[in-house]
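Because only heavy atoms are used, hydrogens play no part in the values below, and waters and symmetry mates are left out as well, while side chains stay in. Each chain gets a letter, A, B and so on, in the order its sequence line appears, and its residues count up from 1.
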Protein chains: 2
Amino acid sequence: MQPTVEDVARAAGVSRQTVSNVLNAPERVRPQTRARVEAAIAQLGYRPNRLAQGLRAASSRMIGYRIEPVHPHALGSIHDRFLHALADAGRAEDHHLLLYTADDAEGEIAGAVSLYKAGAIDALVLYGLHPGDPRPPALRAHGVPFAAFGRTGDDDGHPWVDVDNTAGTAAATRHLAERGHRRIAFAGWPDGSAVSDRRAEGWREACAGLGLPLGPHLRGEDSLATGAALGARLLEHPDRPTAVVAATDTLAAGLLRTVRARGAELAVVGFDDTPTAAALDLSSVRQPIEAAGRAMISALLNPPLADPAPADPPLGGGPQAARLLAPELIVRGSSTGTP
Amino acid sequence: MQPTVEDVARAAGVSRQTVSNVLNAPERVRPQTRARVEAAIAQLGYRPNRLAQGLRAASSRMIGYRIEPVHPHALGSIHDRFLHALADAGRAEDHHLLLYTADDAEGEIAGAVSLYKAGAIDALVLYGLHPGDPRPPALRAHGVPFAAFGRTGDDDGHPWVDVDNTAGTAAATRHLAERGHRRIAFAGWPDGSAVSDRRAEGWREACAGLGLPLGPHLRGEDSLATGAALGARLLEHPDRPTAVVAATDTLAAGLLRTVRARGAELAVVGFDDTPTAAALDLSSVRQPIEAAGRAMISALLNPPLADPAPADPPLGGGPQAARLLAPELIVRGSSTGTP
DNA sequence: TTGTAAGCGTTATCAC
DNA sequence: GTGATAACGCTTACAA
């Protein structure tokens with residue numbers, strides 16, 4: 001059994017509430033008394049019980065996070081970096097992450113709502129958002145506070161943080177142009193993926209800004225095999241590019257495999273700077289995940305959660321701008337040959 | 001505000017305790033009454049408050065887990081698989097993971113003790129154990145229950161689960177021998193790493209069992225660059241091997257880079273089956289992490305935590321045996337050429 | 001400044 | 001089978 005306020009009070013020769021005051025409103029306690037209480041706390045190794053605090057305060061100081069199964073195709077991900085960043089940012093605010101699993105988005109919602117209603121979590125962190133994502137509206141309907149890492153396109157009702165994907169591929173494209181490449185392709189996922197679209201947009205805009213013709217825009221699912229196949233298509237393309245920007249490291253790794261297997265010359269830049277990128281000597285765009293984690297926690301704990309006054313001016317504007325974080329290009333050997 | 005037992009009781013026209021009985025001892029309640037209460041629960045969306053339950057039961061149903069910063073050298077890791085497995089195994093038992101961060105082992109201990117004393121966690125999961133690891137004795141001294149994934153060599157006082165590293169490299173070695181290799185090297189970390197030692201042992205024993213001469217045993221820190229350097233040493237070795245078993249995928253990837261850059265022939269098998277292994281077409285030994293996660297949770301929640309009777313027979317023997325899990329060799333292109 | 005009293009939501013005990 | 005009472009550990013009015 002752990003010591004309680006009562007034990008501390010007895011040891012210090014004061015009442016239970018004085019101990020509480022020492023912890024929560026020290027200025028109200030005579031220094032001498034305070035010192036005695038603090039000595040007792042230290043000596044007994046007393047820690048306030050978080051469950052009791054939470055029950056009283058109606059706040060568990062826990063943030064829910066659904067951990068997804070590791071996708072077998074994708075090469076390592078930045079997910080573990082994100083999780084660590086989140087946990088670390090929470091530490092400063094005395095909040096912790098509560099991990100849970102679910103089989104699908106529906107189960108994720110049900111699990112989150114259940115944890116919230118049970119008072120196990122105060123809020124939720126969502127990631128991997130996509131257009132039409134069912135989670136934000138569902139959580140909103142159930143009154144579960146949350147912040148999102150990524151956007152769905154309909155993000156006005158909740159705090160979010162995102163990485164400026166467009167800026168990332170634009171930087172990659174400019175880097176390639178600086179190395180002398182004039183014909184730069186892009187490899188992304190199919191159709192309506194908002195992330196891939198934004199990354200393609202950065203490439204397109206950068207090419208336009210530089211006065212370069214637009215190279216081929218290839219699409220395929222995010223796997224190594226697809227990347228390799230796209231590489232073959234690129235090398236056999238009638239209008240063969242000398243460089244390619246890929247929407248992910250996985251695709252880039254596939255491209256690179258084909259390129260290297262054939263001894264061909266094709267500069268490649270990936271996205272995410274996964275550990276695999278370093279292993280393959282692949283240039284890649286690195287997301288500022290640590291900053292994103294801090295921004296998420298801050299978004300969750302500061303205005304939205306603390307003061308949900310209904311008639312206040314909407315969030316937008318100032319703070320929102322700081323939530324779009326700029327990525328950084330990491331240059332390696334895969335993009336530094338000459339065309 | 002969420003509904004409470006009281007609300008449910010009022011809605012069902014019974015008393016608070018009857019509601020509690022419906023949840024915790026349904027057989028004691030007349031079916032008719034029970035149905036009425038259950039309807040009220042469903043209609044109100046009532047969920048028992050976990051904080052209140054925890055306070056009452058002196059158990060938070062939370063398991064602490066320190067998430068370490070991502071090691072920048074290592075290629076992806078199996079850590080995210082482990083974490084998911086753990087969280088998923090906990091779900092079945094209605095337990096959740098509480099993530100926390102720390103700067104070093106000392107901070108990890110302090111954090112864990114603090115969380116435990118605060119009633120925020122019931123127990124801890126440790127991983128990355130090494131001989132002389134300060135954590136088990138410290139936690140034991142503070143009375144914090146824990147289970148370890150991995151062994152320190154002095155593991156009698158706590159539940160643990162480990163992967164049979166020796167069996168893994170032995171399987172890799174036999175696989176290479178079957179492909180016709182007669183001279184097989186090993187690349188591991190330096191000195192007293194228990195894990196590397198066990199992996200080297202599997203290779204050594206398998207070679208002996210097969211009547212093969214022992215190839216060179218190289219050592220270096222776990223990085224890509226080191227792997228690449230070891231690869232060069234191997235290719236220039238006076239007694240050049242035709243295959244090598246590496247203690248990690250990171251070392252294997254480095255070896256492979258040198259091998260492929262020089263167009264040399266050297267079969268390589270890694271360890272961990274990280275996503276990078278698939279990317280590099282690298283054969284690798286895959287740890288049964290999902291099973292390990294389940295075993296950890298089970299070790300934590302079943303005998304040790306539920307019934308810490310002091311004078312009982314020690315754990316050893318039967319259950320212990322099942323805690324050493326057999327890995328699986330995943331064969332890919334890096335080891336299927338002929339010597 | 002310090003102490004008294006009440007309540008957060010749950011469950012176990014014990015009468016009825 | 002059901003209902004009143006108490007207790008888990010903490011905090012916050014409020015009174016001394």
Requested in this report: Examine the base of C:dT10 for any acceptor or donor lying under 3.5 Å from a partner atom in the side chain of B:Gln17, and report the outcome as yes or no.
Outcome: no
Counting heavy atoms from C-beta on, name the nucleotide in [options] closest to the side chain of [X].
{"X": "B:Val14", "options": "D:dG3, D:dG9, D:dT2", "value": "D:dG3"}
{"X": "B:Arg30", "options": "D:dT11, D:dG1, D:dG3", "value": "D:dG1"}
{"X": "B:Arg56", "options": "D:dA4, D:dT12, C:dA12", "value": "C:dA12"}
{"X": "A:Thr18", "options": "C:dT1, D:dA4, C:dG3", "value": "C:dG3"}

Report task. Please determine if A:Asp94 and A:Arg50 form a salt bridge, counting it only when a charged side-chain N lies under 4.0 Å from a carboxylate O. Result -> yes
Query raised in the report: Does a side-chain N-to-carboxylate-O contact under 4.0 Å join A:Asp103 and B:Arg91?
Result: yes
**Report entry** Sugar-phosphate only, base, or nothing, as touched by B:Thr4 at under 4.0 Å among non-hydrogen atoms
**Finding:** sugar-phosphate
Query raised in the report: Where along residues 39-53 of chain A does a heavy atom come under 4.0 Å from DNA chain C, residue by residue in number order?
Result: none
From [atom1] ([X]) to [atom2] ([Y]), nearest 0.5 Å:
{"X": "A:Leu139", "Y": "A:Glu108", "atom1": "CG", "atom2": "CD", "result": "7.5 Å"}
{"X": "B:His96", "Y": "A:Thr101", "atom1": "NE2", "atom2": "OG1", "result": "8.5 Å"}
{"X": "A:Leu23", "Y": "A:Ile41", "atom1": "CG", "atom2": "CD1", "result": "4.5 Å"}

Query raised in the report: Above 12 or not: heavy atoms from other molecules or residues under 6.0 Å from CD of B:Glu68?
Result: yes
Query raised in the report: Does atom CZ of B:Arg140 have more than 12 heavy-atom neighbours, drawn from other residues, nucleotides or ligands, at distances under 6.0 Å?
Result: yes
Query raised in the report: Which class fits the ring pair A:Tyr127 and A:Tyr65: parallel under 30°, tilted 30 to 60°, perpendicular over 60°?
Result: parallel
Tell me the interatomic distance from [X], atom [atom1], to [N], atom [atom2], rounded to whole angstroms.
{"X": "A:Lys117", "N": "C:dG9", "atom1": "NZ", "atom2": "P", "result": "15 Å"}
{"X": "B:Glu27", "N": "D:dT2", "atom1": "CD", "atom2": "P", "result": "12 Å"}
{"X": "B:Asn24", "N": "D:dG1", "atom1": "CG", "atom2": "P", "result": "17 Å"}
{"X": "A:Arg16", "N": "D:dC10", "atom1": "CZ", "atom2": "P", "result": "10 Å"}
{"X": "B:Asn21", "N": "C:dC16", "atom1": "CG", "atom2": "C1'", "result": "14 Å"}
{"X": "B:Asp7", "N": "C:dT10", "atom1": "CG", "atom2": "C1'", "result": "13 Å"}
{"X": "B:Leu23", "N": "C:dA12", "atom1": "CG", "atom2": "C1'", "result": "15 Å"}

Report summary line: For DNA chain C, the expected dot-bracket line (Watson-Crick or G-U under 3.5 Å, [ ] crossing, | inter-strand) is |.||||||||||||||
**Report entry** Short side-chain N/O contact from A:Ser20 to OP1 or OP2 of D:dC10, under 4.0 Å
**Finding:** no
Query raised in the report: Is the distance between the ring centroids of A:Tyr116 and A:His142 under 6.0 Å?
Result: no
Query raised in the report: So, B:Phe149 versus B:Phe82, ring centres under 6.0 angstrom or not?
Result: yes
Requested in this report: Using the closest heavy atom to pick a nucleotide of DNA chain D for each, name whichever of B:Val29 or B:Leu55 lands nearer the 5' end.
Outcome: B:Val29
